[in-house]
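So the structure is just underneath, and the comments pick up after that.
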Amino acid sequence: MSQGRVWMPGLEASPRPGLRLLLVVLLVAAALASAVAVTTTSHLTRVQYARLQQLEREQNQLQTEWGQLLLEESAWSSPARIERLASERLDMRLPDIERVKVIGP
């Protein structure tokens, strides 16, 4: 310690200064890669969430349409409507009781 240098533990000269530089470069590259991965993942998550919301809106719209179609089907197939159409369009009538024949087994 005669040349004016102060000895500090842990700051000894590394036998390979290139190894320390390589380690720092690798850590910086890993940090940058991690930052890009986080940014990309966040973007993809937002895109997928927007798509999910769009699909949920579409599902609600289709559920509403399905309910309307069920109501329309029940209106079109009501027995009263069928009987009315049979009598108006096809001139179908219930037979008189005298004309009904019961056939046994």
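FYI, side chains are in, hydrogens and waters are out, and symmetry mates aren't considered; it's all heavy atoms of this structure.
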Students should find that the hydrophobic cluster of Met92, defined by side-chain heavy atoms under 4.5 Å apart, otherwise consists of Leu90

Residues passing the side chain to side chain contact (heavy atoms under 4.5 Å, CB included) test with Thr39, sequence neighbours excluded, are none

Residues joined to Leu44 in its hydrophobic cluster, side chain to side chain under 4.5 Å directly or through other members, sorted by chain and number, are none

Excluding Leu70, membership of its hydrophobic cluster (Ile, Leu, Val, Met, Phe, Trp, Tyr; side-chain heavy atoms within less than 4.5 Å) reads Trp66

Value for CZ (Arg81) from OG (Ser74), rounded to nearest 0.5 Å, stands at 11.5 Å

Identify all side-chain donor-acceptor contacts of residues 55-63 below 3.5 Å with residues at least two apart in sequence or on another chain.
residue	atom	partner	partner atom	Å
Asn60	ND2	Glu56	O	3.4

Using a 4.5 Å side-chain heavy-atom cut-off and chaining through intermediate ILVMFWY residues, the residues clustered with Leu23 come out as Leu27

The side chain to side chain contact (heavy atoms under 4.5 Å, CB included) partners of Thr45 (sequence neighbours excluded) come to Thr41

Salt bridge (Lys or Arg N to Asp or Glu O under 4.0 Å) pairs touching residues 88-103, sequence neighbours excluded, are Arg84-Glu88

Taken in chain and number order and not counting sequence neighbours, the residues that satisfy side chain to side chain contact (heavy atoms under 4.5 Å, CB included) with Leu69 are Glu65, Glu72

